[in-house]
Amino acid sequence: MKVTNRKRVLVTGGAGFLGSHLCEKLLTQGHDVICLDNFYSGTKDNVVHLLSNPHFEMLRHDVTFPLYVEVDEIYNLACPASPVHYQRDPVQTTKTSVHGAINMLGLAKRLKARILQASTSEVYGDPEVHPQPEGYWGHVNPIGIRSCYDEGKRCAETLFFDYWRQHALPIKVVRIFNTYGPRMHPNDGRVVSNFIVQALKGENITIYGDGSQTRSFCYVDDLIEAFVRMMASPEEFTGPVNIGNPSEFSMLQLAETIVRLTGSSSKLIFQPLPSDDPRQRQPNISLAKEKLDWAPQVALEAGLSKTIEYFQSRLQA
């Protein structure tokens, strides 16, 4: 296949859950992909099937150090995204978000490359506005145990918009809401992987609080499609734009659905709610619909079934 519009694309955090799916998508579109990762939370297992592709390159590197490559586009996904991983070394988490953003923005500035920042719904903190629109500034604890991630990502957004204003750098910022699917880390502490692994092992399913807190779950294929559309959007559209599924589910509903889909005998047990855990999280995706013609297509049960299949194969390996 001859590709006339082949681009050289850098994906930081490319061996992670989202990054590996993005690398796959870009390769299917005919681009040359540099997958950069320091393997703090990512794993080679996520991209080993891509190593034989001549248009794919794996680079072990930490974004807190400068990087010198020649590319046309940069997707900056580097940062541990689960509380288990980002609270293990909170100083490094902040450095990855802030120093990483500075280094990738500097690279983009030198190359005049378009750059996309994978931000997060955590910038809204424990929201007082529901659902959350992009214009909401958030309700964030700056000194809590989750602050390394929340405030690191908020500062990264600041840097992106300052580079856009000061240097006319073409930036794109997406705010990711809860995403799930194959290649999630089985021990990342996030609710979908926790519940599925516990259910498949027949262990008690741990629900924090009374289970009434809500989340909105977007299947990974839908999210990656939004990334690609955002990068290709007109230069004047910088975002930030919410990317997620506006269908809202309580933790109790999620647990009961997973028990049913796995046919598990697991029982539900309740534990105290962790510090700074948001009560509600639901995106307003009106902007994504308007600007990207995007909305999630995969229903929760269909996506959960694919994710359960993945974890079944992992546990049997």
Task: side-chain contact (heavy atoms from CB on, under 4.5 Å) assessment of Leu26 paired with Tyr75 - done: CA-CA 11 Å; Leu26 294 168; Tyr75 289 84; 4.0 Å; yes

- [ ] Could you walk me through whether Thr206 and Gln198 pass the side chain to side chain donor-acceptor pair (under 3.5 Å) test, one step at a time?
- [x] CA-CA 8 Å; Thr206 310; Gln198 288 171 336; 3.3 Å; yes

Open item on the list: Working note: Leu261 + Ser305, criterion side-chain contact (heavy atoms from CB on, under 4.5 Å); need CA distance, chi angles, decisive distance, verdict.
Closed with: CA-CA 7 Å; Leu261 291 175; Ser305 295; 4.2 Å; yes

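Side chains of Leu116 and Ile74 form no contact here, defined as non-hydrogen atoms less than 4.5 Å apart. Two residues are said to be in side-chain contact when any heavy atoms from C-beta on lie closer than 4.5 Å; Lys44 and Phe39 meet this criterion. Within the 4.5 Å cutoff, no side-chain heavy atoms of Val9 are placed close to those of Ile34. Contact of the Glu70 side chain with the Leu111 side chain is registered, since non-hydrogen atoms from C-beta on lie closer than 4.5 Å. Side-chain atoms of Leu169 and Lys112, non-hydrogen and from C-beta on, never get closer than 4.5 Å to each other. Contact of the Leu10 side chain with the Met104 side chain is registered, since non-hydrogen atoms from C-beta on lie closer than 4.5 Å. Using a 4.5 Å heavy-atom threshold, the side chains of Thr64 and Gln92 count as touching. Contact of the His185 side chain with the Phe17 side chain is not registered, since no non-hydrogen atoms from C-beta on lie closer than 4.5 Å.
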Show every donor-acceptor pair shorter than 3.5 Å between a side-chain atom in residues 127-134 and any protein atom, with sequence neighbours excluded, or say none if there are none.
residue : atom : partner : partner atom : Å
His130  : ND1  : Gln132  : NE2          : 3.3
His130  : NE2  : Glu248  : OE1          : 3.4
His130  : NE2  : Glu248  : OE2          : 3.0
His130  : NE2  : Gln282  : OE1          : 3.1
Gln132  : OE1  : Gln282  : N            : 3.1
Gln132  : NE2  : Val129  : O            : 2.9
Glu134  : OE2  : Asn242  : N            : 2.7

Run the side-chain donor-acceptor check on residues 286-304: report pairs under 3.5 Å with partners two or more places apart or on a different chain.
residue : atom : partner : partner atom : Å
Ser286  : OG   : Asn284  : OD1          : 2.8
Trp294  : NE1  : Asp222  : O            : 3.0
Gln297  : NE2  : Ala295  : O            : 2.8
Glu301  : OE2  : Arg260  : NH2          : 2.5

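A donor-acceptor contact shorter than 3.5 Å links the side chain of Asn103 to the backbone of Val63. Although no hydrogens or angles enter the test, the distance criterion places no donor-acceptor pair under 3.5 Å between the side chain of Thr43 and the main chain of Asn46. Lys172 contributes a side-chain N or O that, together with a main-chain N or O of Phe237, makes up a donor-acceptor pair within less than 3.5 Å. Although no hydrogens or angles enter the test, the distance criterion places a donor-acceptor pair under 3.5 Å between the side chain of Gln253 and the main chain of Ser250. The backbone N or O of Phe65 sits nowhere less than 3.5 Å from a side-chain atom of Asp62 that would complete a donor-acceptor pair.
Residues Met184 and Ile258 share a single hydrophobic cluster, defined by chaining ILVMFWY side chains whose heavy atoms lie under 4.5 Å apart. Linking ILVMFWY residues whenever their side-chain heavy atoms come closer than 4.5 Å, directly or via other members, places Leu254 and Val220 in the same cluster. Residues Ile243 and Ile285 share a hydrophobic cluster, clusters being chains of Ile/Leu/Val/Met/Phe/Trp/Tyr side chains in contact below 4.5 Å. Put simply, Val228 and Val241 are part of the same group of oily side chains (I, L, V, M, F, W, Y) that touch within less than 4.5 Å, one to the next. Hydrophobic cluster membership differs between Leu36 and Val33, with clusters built from Ile, Leu, Val, Met, Phe, Trp and Tyr side chains linked at under 4.5 angstrom.
Listed by chain and residue number, Arg154 satisfy the salt bridge (charged side-chain N to carboxylate O under 4.0 Å, His left out) test with Glu151 (two or more places apart in sequence, or in another chain). Under the rule for a side-chain hydrogen bond (donor to acceptor under 3.5 Å, both in side chains), Lys95 has no partner lying at least two apart in sequence or in another chain. The side chain to side chain contact (heavy atoms under 4.5 Å, CB included) test applied to His167 returns Lys109, Tyr163, not counting sequence neighbours. For Thr238, the side chain to side chain contact (heavy atoms under 4.5 Å, CB included) partners are Phe161, Trp164, Ile171, not counting sequence neighbours. In terms of the side-chain hydrogen bond (donor to acceptor under 3.5 Å, both in side chains) criterion, Glu309 has no residue partners (sequence neighbours excluded). Listed by chain and number, the residues in a side-chain hydrogen bond (donor to acceptor under 3.5 Å, both in side chains) with Glu24 are His49, Arg183 (sequence neighbours excluded). Residues satisfying the side chain to side chain contact (heavy atoms under 4.5 Å, CB included) test with Glu235, not counting sequence neighbours, are Arg114, Pro170. For Lys306, the side chain to side chain contact (heavy atoms under 4.5 Å, CB included) partners are Tyr219, not counting sequence neighbours. For Asp45, there are no side-chain hydrogen bond (donor to acceptor under 3.5 Å, both in side chains) partners two or more places apart in sequence or in a different chain.
With 3.5 Å as the limit, one finds a donor-acceptor pair spanning the side chains of Thr12 and Asn76. Residues His139 and Asp126 have side chains that never bring a donor and an acceptor to within less than 3.5 angstrom of each other.
Atom OG of Ser147 is separated from atom CG of Asn141 by 4.5 Å, given to the nearest 0.5 angstrom. Separation of atoms CD1 (Ile269) and CD1 (Ile207) is listed at 9.0 Å; rounding is to 0.5 Å. The structure places OG of Ser264 at 9.5 Å from CG of Asn204, a figure rounded to the nearest 0.5 Å. Note that the CD atom of Gln213 and the CE atom of Met251 stand 6.0 Å from one another [nearest 0.5 Å]. Rounded to the nearest 0.5 angstrom, Ile176 CD1 and Leu223 CG are separated by 5.0 Å. To the nearest 0.5 Å, atoms CD (Glu203) and OG (Ser265) are separated by 10.5 Å.
The salt bridge (Lys or Arg N to Asp or Glu O under 4.0 Å) analysis of residues 250-259, with sequence neighbours excluded, yields no pairs.
Geometrically, Lys25 does not engage Phe227 in a cation-pi contact defined by less than 6.0 Å to the ring centre and at most 45° from the axis.
The shortest non-hydrogen separation linking Asp32 to His55 is OD1-ND1, 2.6 Å. Annotation for Lys153 and Cys79: closest pair NZ-CB, 4.0 Å, computed over non-hydrogen atoms. The two residues Asp162 and Arg165 have their closest heavy-atom pair at OD1-NH2, 3.0 Å. Heavy-atom minimum distance, Cys35 versus Cys23: CB-SG, 3.9 Å. Ala255 and Ile205 get closest at one heavy-atom pair: CB-CG2, 4.1 Å. Shortest non-hydrogen contact noted between Pro283 and Pro246 is O-CB, 3.7 Å.
Between Glu157 and Arg175, at least one side-chain N (NZ, or NE/NH1/NH2) sits under 4.0 Å from a carboxylate O, which counts as a salt bridge.
Between Tyr136 and Tyr124, the angle of the ring planes stays under 30°, which puts this pair in the parallel group of the 30/60° scheme.
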